[in-house]
*Asks:* 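Take a look at the following structure, please.
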Amino acid sequence: MTKQAITHKTLDKHIYSSDMSKHTNLIKLEEKKKILDKSFNCSNSLTEFFEIQKIIKNNKPCYTLKSFHQVTLARNLTSNIRLALKKTKSRNEISRQLVQHLKEGTSYRIYRLDIKSFFESVSIGVFQGSCHHQAQLSSL
């Protein structure tokens, strides 16, 4: 795994241009360095606690970090996690692969699929009806 180190350079990459409007002090290099130092020290601290505050966006409760140095560290950690985890496939891609797998098949096969949980909008009655009409399928 590369690019997982937390350094001043990687933390600086997670200060976005949109942050400049909210945190105008970031324009000054000394202030920006202070924030980066604070973020870096936070990453090495065992006693640092992330302060969370509740905000309302689009009439829904959301949670955010109070301190900007913690926001930059959280962005860096999020980036590291996304790099480490494989990207999940979309439902359509999984469905296409499932159809291909079922076509290949073997002479004896049993598949138990949880279609209701996979597609919330599927009509169970329609699905069970199509299972009853096909001799090879059973709706267990």
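Numbering starts at 1 and runs along the sequence shown. Note that this is a predicted model, so its numbers are computed, not measured. No hydrogens, no waters, no symmetry mates; every other heavy atom, side chains included, goes into these values.
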*Asks:* Can you name the side chain to side chain contact (heavy atoms under 4.5 Å, CB included) partners of D37, sequence neighbours left out?
*Replies:*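 Expected list: H8, K33.
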*Asks:* Is atom CD1 of I27 surrounded by more than 12 heavy atoms (other residues, nucleotides or ligands) closer than 6.0 Å?
*Replies:*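 More than 12 heavy atoms, drawn from other residues, nucleotides or ligands, come within 6.0 Å of this atom.
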*Asks:* Does any non-hydrogen side-chain atom of F50 lie less than 4.5 Å from one of S67?
*Replies:*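 In short, these two side chains do not touch, never coming nearer than 4.5 Å.
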*Asks:* How would you list, by chain and number, every residue that makes a side chain to side chain contact (heavy atoms under 4.5 Å, CB included) with T78, sequence neighbours excluded?
*Replies:*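 If we apply the side chain to side chain contact (heavy atoms under 4.5 Å, CB included) test to T78, skipping adjacent residues, the hits are R82.
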*Asks:* Does P61 reach the side chain of I56, with side-chain heavy atoms less than 4.5 Å apart?
*Replies:*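 Yes. Closest side-chain heavy atoms under 4.5 Å.
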*Asks:* Tell me if the OH atom of Y16 is crowded by more than 12 foreign heavy atoms within 6.0 Å.
*Replies:*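 Atom OH in Y16 is packed in, count exceeds 12.
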*Asks:* What is the minimum heavy-atom distance between L73 and L11, and which atoms define it?
*Replies:*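 Looking at all heavy atoms of both residues, the closest pair is CA-CD2, 3.9 Å.
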*Asks:* With no hydrogens and no angle check, is any side-chain donor or acceptor of T7 less than 3.5 Å from a backbone partner on T10?
*Replies:*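 A pair under 3.5 Å: yes.
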*Asks:* Calculate, to the nearest 0.5 Å, the distance between atoms CD and OG belonging to Q70 and S39 respectively.
*Replies:*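 Here the interatomic distance stands at 8.5 Å.
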*Asks:* Per the ring pair (Phe, Tyr, Trp, His ring centres under 6.0 Å) rule, what does the pair list look like for residues 60-82, sequence neighbours excluded?
*Replies:*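 Found H23-F68.
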*Asks:* Do any pairs count as a salt bridge (Lys or Arg N to Asp or Glu O under 4.0 Å) and have a residue in residues 6-24, sequence neighbours left out, and if so which ones?
*Replies:*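 Of all non-adjacent pairs touching residues 6-24, those that pass salt bridge (Lys or Arg N to Asp or Glu O under 4.0 Å) are D12-K32, D19-R75.
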*Asks:* Just verifying a value: how many Å separate S17 OG and L26 CG, rounded to the nearest 0.5 Å?
*Replies:*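 Nearest 0.5 Å value for the OG-CG distance: 11.5 Å.
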*Asks:* Output every pair passing salt bridge (Lys or Arg N to Asp or Glu O under 4.0 Å) with a member in residues 46-73, not counting sequence neighbours, ordered by first then second residue.
*Replies:*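 Listed by first then second residue: nothing to list.
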*Asks:* Nearest heavy-atom pair of A5 and N76: which atoms, and what distance?
*Replies:*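 For A5 versus N76, the nearest heavy atoms are O-ND2, 4.5 Å.
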*Asks:* For the side chain of S45 and the backbone of N41, is there at least one donor-acceptor N/O pair under 3.5 Å apart?
*Replies:*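 No, S45 side chain to N41 backbone: no donor-acceptor pair under 3.5 Å.
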*Asks:* What pairs of residues pass the ring pair (Phe, Tyr, Trp, His ring centres under 6.0 Å) test when at least one of them lies in residues 73-98, not counting sequence neighbours?
*Replies:*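 Output for this query is empty, none listed.
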*Asks:* To the nearest 0.5 Å, tell me how far T64 OG1 sits from I52 CD1.
*Replies:*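 Going from OG1 on T64 over to CD1 on I52, the span is 9.0 Å.
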*Asks:* What distance do S43 atom OG and I6 atom CD1 have between them, rounded to the nearest 0.5 Å?
*Replies:*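 Answer rounded to 0.5 Å: 4.5 Å.
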